[in-house]
Number of protein chains: 2
Amino acid sequence: MATLSFTSETVEMYLKSIAELELLTTPVAISQLAQRLGVSSPSVLEMVKRLAEQKLVTHTPYKGVSLTARGHSRALAVLRRHRLWERFLVDTLRLPWEAVHDYACQLEHAAAPAVVDALAQFLGEPDTCPHGNPIPDAKGAMPAETAIPLLTMEIGQSARLTNIIYEETILLEYLARRGLLPGAMLTLEDVAPYQGPLMVRVDGFDHPAALGREIAARVFVHVIE
Amino acid sequence: MATLSFTSETVEMYLKSIAELELLTTPVAISQLAQRLGVSSPSVLEMVKRLAEQKLVTHTPYKGVSLTARGHSRALAVLRRHRLWERFLVDTLRLPWEAVHDYACQLEHAAAPAVVDALAQFLGEPDTCPHGNPIPDAKGAMPAETAIPLLTMEIGQSARLTNIIYEETILLEYLARRGLLPGAMLTLEDVAPYQGPLMVRVDGFDHPAALGREIAARVFVHVIE
DNA sequence: CCTTTGAATTAGGTTGCCCTAATTGCAATT
DNA sequence: AATTGCAATTAGGGCAACCTAATTCAAAGG
């Protein structure tokens, strides 16, 4: 009966993180979310219960969290704002590719719908962020994903890098230095055993790049058949 | 000894409001600040005491609050961000002059220094906001004000409107409909007695505009000698 | 000078969002 | 089937930022 309320910013941060983690595993574990958000598990659990009360997520005890349709559409609105700001920061303000994700995290909660719409129009209604991730349209529809994780490529296959999910500055810097930007052409040369790295040759680079499996699961590609 | 801390956003909102109210009266009364911020007087007092502990303001009991040098420079940084966003929203996104103040209030706390600097550069280092108020430079220096409140004009004098402080949407809409935008030329035709309105003729408009004294104190002009 | 009145202040909450420490439950391995 | 390890949960706080109600103070008018 208690109508718990909370700030929309906190709600949005949780929904966005859940949406991103759902791309990797579903349902999302409380501990994953806690690590991602940098808060303790009990704190996450408390928030998750409140989100569940608002029908934004469903929580299965001891299993994890998933977004409801409502939660998903709220999350897409956040992702739209976030990715539009990223485009603006890179295309208009010429800020570095690796850094804009963090800047956009601050801006994503602070723009009124009218501002978001005007921004999208100014940018020419882009459909991907600078890291290749799709920008939902104003109605909340997201282009279908057809790319696969680099991790699932087979040795010898070639592919074009499409997008990178879970954009930490440190990861993006690592990838940028090795030419692993959206659009890059690459070939999977080798996969080391025992959860070892994947060796990837990037067009135009002398040395192959070594990518851990964690990273290779977050880099998406279109394989050239 | 207790090192009270709080979110920088709250601090900034308080400092900005104090800075703006100091233009009208100084020191700023607790109740003025409470009305401006939309919170209760005890809440304001509590925050003011903390700000005083951090040497951002000085509080004289039963008198009011003033910014210290430190507080003033923090406030100018907020005003810079705010006014740069306003310029962006009007000049780049073509959003309405009356509405951008409110949008900028949300954005002003959410931009990293690198973003603010890049934005200023993109906009061509403007020195006023769309409402005519000066934008402090990156070092925190503000151009000196030489304009006077319209309220202090004498009947028959002509002047050019320079800026409007304390920008509420409803006030800006009222002024915009009567041509009272920065740059407008006007003549003070009459002043009604008993705190009555000032009658102002605006170049290019048939009917004189009536401005209450509260408003006339917030519209600044350069008198044509 | 005393009274009055409204602002400032004090007293005593509440809520959102976070924490650590302790406990419980699940699932994988012996 | 029992054990063990780790994630999930419960229990019990803390702090920032707000509130209302009650009290105190200062400045102005009788």
Side-chain angles (χ1 to χ4, degrees), chain A residues 1-18 21-22 24-66 71 74 78 105-106 109-110 195, chain B residues 1-18 21-22 24-54 56-66 71 74 78 105-106 109-110:
Chain A
M1 191 59 73
T3 313
L4 290 184
S5 73
F6 25 42
T7 66
S8 74
E9 185 170 327
T10 309
V11 171
E12 289 182 349
M13 281 178 46
Y14 274 81
L15 294 179
K16 178 188 153 202
S17 294
I18 296 168
L21 289 172
E22 272 190 342
L24 300 175
T25 60
T26 173
V28 177
I30 298 287
S31 52
Q32 272 185 295
L33 202 42
Q35 195 201 340
R36 181 65 173 279
L37 291 163
V39 299
S40 71
S41 285
S43 301
V44 170
L45 184 63
E46 184 185 346
M47 275 304 301
V48 160
K49 283 179 174 173
R50 295 197 201 177
L51 294 172
E53 236 170 63
Q54 311 243 328
K55 303 261 189 285
L56 291 165
V57 303
T58 55
H59 176 227
T60 315
Y62 296 100
K63 285 288 181 295
V65 194
S66 322
R74 282 283 294 276
V78 181
C105 281
Q106 306 178 280
H109 307 293
Q195 301 299 317
Chain B
M1 192 59 73
T3 312
L4 291 184
S5 73
F6 26 45
T7 67
S8 74
E9 184 170 328
T10 309
V11 171
E12 289 182 350
M13 282 179 45
Y14 274 81
L15 294 179
K16 177 188 154 200
S17 293
I18 296 168
L21 290 171
E22 272 191 341
L24 300 175
T25 59
T26 174
V28 177
I30 298 288
S31 52
Q32 272 184 295
L33 202 42
Q35 195 202 340
R36 181 67 172 280
L37 290 164
V39 298
S40 70
S41 286
S43 300
V44 170
L45 185 63
E46 185 184 345
M47 275 304 301
V48 159
K49 282 179 174 173
R50 295 196 204 176
L51 294 173
E53 234 170 66
Q54 311 243 329
L56 291 165
V57 303
T58 55
H59 176 227
T60 317
Y62 296 100
K63 286 289 183 294
V65 194
S66 322
R74 282 283 295 275
V78 181
C105 281
Q106 308 178 277
H109 307 292

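Letters A, B, ... mirror the listed sequences (proteins, then strands); counts begin at 1. Computed from a predicted structure; not experimentally measured.
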For [X] and [N], give me the distance from atom [atom1] to atom [atom2], rounded to whole Å.
X       : N      : atom1 : atom2 : answer
A:Lys63 : D:dT9  : NZ    : P     : 10 Å
B:Leu33 : D:dA17 : CG    : P     : 14 Å
B:Met13 : D:dA16 : CE    : P     : 17 Å
B:Leu37 : D:dC19 : CG    : C1'   : 15 Å
B:Gln35 : C:dA7  : CD    : P     : 11 Å

For [N] and [X] - does any side-chain N or O of the residue sit under 4.0 Å from the phosphate oxygens OP1/OP2?
X       : N      : value
A:Lys49 : D:dA8  : no
A:Tyr14 : C:dC18 : yes
A:Thr10 : C:dC17 : yes
B:His59 : C:dA8  : no

Describe the nucleic acid contact of [X] in one word from base, sugar-phosphate, nothing, applying a heavy-atom distance below 4.0 Å.
X       : result
A:Ser31 : sugar-phosphate
B:Pro61 : sugar-phosphate
A:Leu45 : base

Looking only at the side chain of [X] (C-beta and beyond, no hydrogens), which of the listed nucleotides [options] gets closest?
X       : options                : result
B:Ile30 : D:dT20, C:dT9, D:dA27  : C:dT9
A:Met47 : D:dT9, C:dC18, D:dA16  : C:dC18
A:Tyr62 : C:dT9, C:dT24, C:dC19  : C:dT24
B:Pro42 : C:dC17, C:dT20, D:dT20 : D:dT20

[X] side chain near [Y] side chain, heavy-atom distance below 4.5 Å:
X        : Y       : result
B:His109 : B:Ser8  : no
B:Val78  : B:Leu15 : no
B:Val57  : B:Ile18 : yes

Given side-chain contact (heavy atoms from CB on, under 4.5 Å), test B:Val11 with B:Arg50 step by step and report yes or no.
CA-CA 9 Å; B:Val11 171; B:Arg50 295 196 204 176; over 6 Å; no
Nearest-nucleotide comparison on DNA chain C, the residue closer to the 5′ end among B:Val28 and B:Glu46
B:Val28
5'-most by nearest nucleotide on DNA chain C - A:Ser43 or B:Gln32:
B:Gln32
List, one per line, each side-chain donor-acceptor pair under 3.5 Å for residues 26-38 of chain B, sequence neighbours excluded.
unit_1: B:Gln32; atom_1: OE1; unit_2: B:Thr25; atom_2: OG1; d: 3.2
unit_1: B:Gln32; atom_1: OE1; unit_2: B:Ala29; atom_2: N; d: 3.0
unit_1: B:Gln32; atom_1: NE2; unit_2: B:Thr25; atom_2: OG1; d: 3.3
unit_1: B:Arg36; atom_1: NH2; unit_2: B:Glu20; atom_2: OE1; d: 2.3

